Undergrad: 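Here's a structure for you.
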Amino acid sequence: MRRDMTDLLGRREIFWDLQEVAKENPNILRPGAFFDWMCRNYIAAISVGIRSFVDQHKDSHSLWRLLYEILEHPGSLDRETHARMYRATPMGIEFGRNCFNNVSGGASHILQRTIRSDLRQLEDASERVRRFVNKRIAHRTNPGEMRRLPNFDEVDAALDKIDKLL
């Protein structure tokens, strides 16, 4: 998932850099077909990428599924198990404990209320993008079924939230 997120963030950076180039050189916007095509492809690709992180299907490997499975198995992520992953690194087990404490707030395991909060944040941040992919990209439903399409700021905010939770 980290590699997918890095790819999405890289695509976003390139897209916004190209927007800056266009602002500084308005003549390249005429005719506007190329930039229109680029914007449409960007929003579709990033939206599908976001949608893949919130897929709830049992067979999917998504951030949503990971959080949900952690919620279903309380105590499965604990400090000492996490810390042992650091035993062969130069940073050591104590570093692993400290990392875990930063995420758990000092609790010995990840609390269910934390996971529920993360799931809510993930769902809230991505809902409009998820619906857009389901209704307009993956399936061709009637345009009236979605009153307002997500804008660039909403897509960027969803991507930022997923990155933070990941």
Side-chain angles (χ1 to χ4, degrees), residues 1-21 38-139 150-166:
M1 280 189 267
R2 177 53 58 193
R3 184 178 45 216
D4 292 341
M5 178 54 66
T6 300
D7 180 58
L8 290 174
L9 293 171
R11 289 178 190 206
R12 177 173 71 178
E13 184 175 351
I14 292 168
F15 175 78
W16 288 115
D17 285 349
L18 286 172
Q19 295 300 312
E20 288 301 316
V21 168
M38 184 182 73
C39 289
R40 288 176 183 265
N41 281 307
Y42 168 77
I43 203 73
I46 296 298
S47 295
V48 169
I50 289 170
R51 173 68 176 82
S52 71
F53 278 93
V54 298
D55 193 344
Q56 297 179 13
H57 192 269
K58 283 187 177 229
D59 293 339
S60 70
H61 297 277
S62 69
L63 180 58
W64 191 95
R65 286 295 315 162
L66 175 65
L67 291 171
Y68 186 77
E69 288 176 18
I70 294 168
L71 186 64
E72 285 188 319
H73 300 95
S76 60
L77 292 179
D78 65 86
R79 182 185 303 109
E80 292 311 310
T81 302
H82 179 80
R84 282 195 297 272
M85 292 189 309
Y86 291 82
R87 103 180 123 224
T89 69
M91 295 146 325
I93 288 179
E94 194 55 39
F95 181 78
R97 287 184 184 123
N98 289 333
C99 288
F100 190 85
N101 286 341
N102 288 335
V103 174
S104 71
S108 64
H109 61 280
I110 303 292
L111 302 175
Q112 285 188 306
R113 71 173 177 255
T114 302
I115 300 301
R116 278 193 207 92
S117 173
D118 288 351
L119 277 168
R120 264 192 307 279
Q121 290 179 55
L122 183 62
E123 291 167 353
D124 290 348
S126 63
E127 178 58 23
R128 185 174 299 283
V129 176
R130 186 190 64 76
R131 288 191 72 235
F132 170 64
V133 171
N134 290 349
K135 301 276 183 187
R136 300 295 289 277
I137 295 176
H139 308 287
N151 60 37
F152 288 112
D153 289 338
E154 290 169 324
V155 170
D156 281 349
L159 191 58
D160 288 338
K161 178 56 73 175
I162 293 168
D163 184 38
K164 181 180 179 223
L165 292 170
L166 183 62

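Residues: numbered from 1 along the sequence shown. Keep in mind that what you see is a predicted model, and the values were worked out from it rather than measured.
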Undergrad: Any sub-3.5 Å donor-acceptor pair from Arg11's side-chain atoms to Ile46's backbone N or O?
TA: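 No: the side chain of Arg11 does not pair with the backbone of Ile46.
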
Undergrad: Would you please name every residue forming a ring pair (Phe, Tyr, Trp, His ring centres under 6.0 Å) with Tyr86, sequence neighbours left out?
TA: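 Here the qualifying residues are His82, Phe95.
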
Undergrad: Any Lys/Arg nitrogen of Asp7 or Arg3 sitting under 4.0 Å from an Asp/Glu carboxylate oxygen of the other?
TA: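 Arg3 and Asp7: not salt-bridged.
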
Undergrad: Do Val155 and Arg12 come close enough that some side-chain heavy atom pair is under 4.5 Å?
TA: no

Undergrad: Rounded to the nearest 0.5 Å, what separates atom CG in Asp163 from atom CG in Leu8?
TA: 9.5 Å

Undergrad: Should Asp156 and Trp16 count as side-chain neighbours, where that means a heavy-atom distance under 4.5 Å?
TA: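 Counting from C-beta outward, Asp156 and Trp16 do come under 4.5 Å.
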
Undergrad: Which pairs would a plain distance check flag for residues 113-121, meaning a side-chain donor or acceptor within less than 3.5 Å of a matching protein atom at least two apart in sequence or in another chain?
TA:
| residue | atom | partner | partner atom | Å |
| --- | --- | --- | --- | --- |
| Ser117 | OG | Gln121 | NE2 | 3.1 |
| Gln121 | OE1 | Lys161 | NZ | 2.8 |

Undergrad: Distance check, rounded to the nearest 0.5 Å: Leu63 atom CG versus Met5 atom CE?
TA: 8.0 Å

Undergrad: Looking at every non-hydrogen atom in both residues, tell me the closest pair between Met38 and Leu18 and how far apart they are.
TA: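 Scanning both residues completely, I find the closest heavy atoms to be SD-CD1, 3.6 Å.
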
Undergrad: Identify the two heavy atoms, one from Met1 and one from Ser62, that lie closest to each other, and give their separation to 0.1 Å.
TA: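 Closest approach of Met1 to Ser62, heavy atoms only: SD-C, 3.6 Å.
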
Undergrad: Could you list all the salt bridge (Lys or Arg N to Asp or Glu O under 4.0 Å) pairs where at least one residue sits in residues 63-75, not counting sequence neighbours?
TA: Arg65-Glu69

Undergrad: Just how far is it from atom CD1 of Ile43 to atom CG of Asn151, taken to the nearest 0.5 Å?
TA: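 Answer rounded to 0.5 Å: 8.0 Å.
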
Undergrad: Only counting residues at least two apart or in another chain, list the ones meeting salt bridge (Lys or Arg N to Asp or Glu O under 4.0 Å) with Arg87.
TA: none

Undergrad: State which residues pass ring pair (Phe, Tyr, Trp, His ring centres under 6.0 Å) with Tyr68; sequence neighbours excluded, sorted by chain then number.
TA: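 Ring pair (Phe, Tyr, Trp, His ring centres under 6.0 Å) check on Tyr68 returns Trp64.
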
Undergrad: Work out which heavy atom in Ser126 is nearest to a heavy atom in Ala158; give both atom names and the distance.
TA: CA-CB, 4.2 Å

Undergrad: So Leu165 and Phe53, do their side chains get closer than 4.5 Å, heavy atoms only?
TA: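 Contact flag for Phe53/Leu165 side chains = no.
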
Undergrad: Measure the OG-NE2 distance between Ser52 and His61 for me, rounded to the nearest 0.5 Å.
TA: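 Ser52 OG to His61 NE2: 12.0 Å, rounded to 0.5 Å.
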
Undergrad: To the nearest 0.5 Å, what is the distance between CG (Leu9) and CG (Asp4)?
TA: 11.0 Å

Undergrad: To the nearest 0.5 Å, tell me how far Glu154 CD sits from Ser47 OG.
TA: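 Result: 10.5 Å between the selected atoms.
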
Undergrad: Check Pro150 against Arg128 and note the closest heavy-atom contact, atom names and distance.
TA: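 Distance-wise, the nearest heavy atoms are CA-CD, 3.6 Å.
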
Undergrad: So do the side chains of Gln19 and Cys39 get within less than 4.5 Å of each other, counting heavy atoms only?
TA: yes

Undergrad: Side chains of residues 98-105: which donor-acceptor pairs under 3.5 Å do they make with residues two or more places apart or in other chains?
TA:
| residue | atom | partner | partner atom | Å |
| --- | --- | --- | --- | --- |
| Asn98 | ND2 | Glu94 | O | 3.3 |
| Asn101 | OD1 | Arg79 | NE | 2.7 |
| Asn101 | OD1 | Arg79 | NH2 | 3.1 |
| Asn101 | ND2 | Arg97 | O | 3.4 |
| Asn102 | ND2 | Asn98 | O | 3.4 |
| Ser104 | OG | Phe100 | O | 3.1 |
| Ser104 | OG | Gly106 | N | 3.3 |
| Ser104 | OG | Ala107 | N | 3.3 |
| Ser104 | OG | Ala107 | O | 2.9 |

